[in-house]
Amino acid sequence: MANSGISWIDWLYDLAVYGLYDSAALLGITYEEINVWLFCIAWPLSMGLAAMWVYLLKRRIRTIESQR
């Protein structure tokens, strides 16, 4: 599949693609659908939640430090 010329990158890419194909088959969806779910929905949602969590933790730290 991959053809970058760097063997470990090609191996890792192929492993990820085969994993996506296997996951799609397990879930009864297509490879394209699992890509949309992962990279257009799940990943951005998780990054937004992580950013919100970091903001809340920073705010909590500021509150604790201001009470000292």
Side-chain angles (χ1 to χ4, degrees):
M1 280 191 192
N3 193 17
S4 72
I6 304 169
S7 61
W8 70 271
I9 290 178
D10 293 343
W11 174 81
L12 189 60
Y13 177 81
D14 290 343
L15 184 67
V17 169
Y18 291 135
L20 285 174
Y21 274 115
D22 290 343
S23 299
L26 183 69
L27 295 171
I29 60 177
T30 65
Y31 173 79
E32 290 81 9
E33 287 173 313
I34 200 163
N35 264 321
V36 169
W37 275 105
L38 286 175
F39 300 112
C40 296
I41 298 170
W43 182 71
L45 182 62
S46 68
M47 292 298 101
L49 291 173
M52 188 183 330
W53 182 248
V54 168
Y55 170 76
L56 292 172
L57 288 175
K58 283 185 173 189
R59 199 168 89 182
R60 188 182 300 173
I61 289 170
R62 259 188 259 122
T63 302
I64 291 170
E65 287 177 347
S66 69
Q67 291 175 354
R68 288 184 181 178

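A quick note: this is a predicted structure, and the numbers were derived from the prediction, not measured.
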Between CG on residue D22 and OH on residue Y31, distance to nearest 0.5 Å = 12.0 Å
Group every Ile, Leu, Val, Met, Phe, Trp and Tyr by side-chain heavy-atom contacts under 4.5 Å, then state whether I61 and L56 land in the same group.
-> no
How about M52 and L49: do any of their side-chain heavy atoms sit closer than 4.5 Å?
-> yes
Identify the two heavy atoms, one from D10 and one from A2, that lie closest to each other, and give their separation to 0.1 Å.
-> OD1-CB, 3.5 Å
Connected via hydrophobic side-chain network under 4.5 Å: Y18 and L15 | no
Shared hydrophobic cluster, Y55 / L45 (ILVMFWY, side-chain heavy atoms < 4.5 Å) | yes
Identify whether W37 and W43 are in the same connected component of the hydrophobic contact network (ILVMFWY, side-chain heavy atoms under 4.5 Å).
-> no
Spacing of OG belonging to S23 relative to CD1 belonging to I34, to within rounding of 0.5 Å = 4.5 Å
Interatomic spacing from CG in L20 to CD in E32 - rounded to 0.5 Å = 10.5 Å
Same apolar cluster: V17 and L38, side chain cutoff 4.5 Å = yes
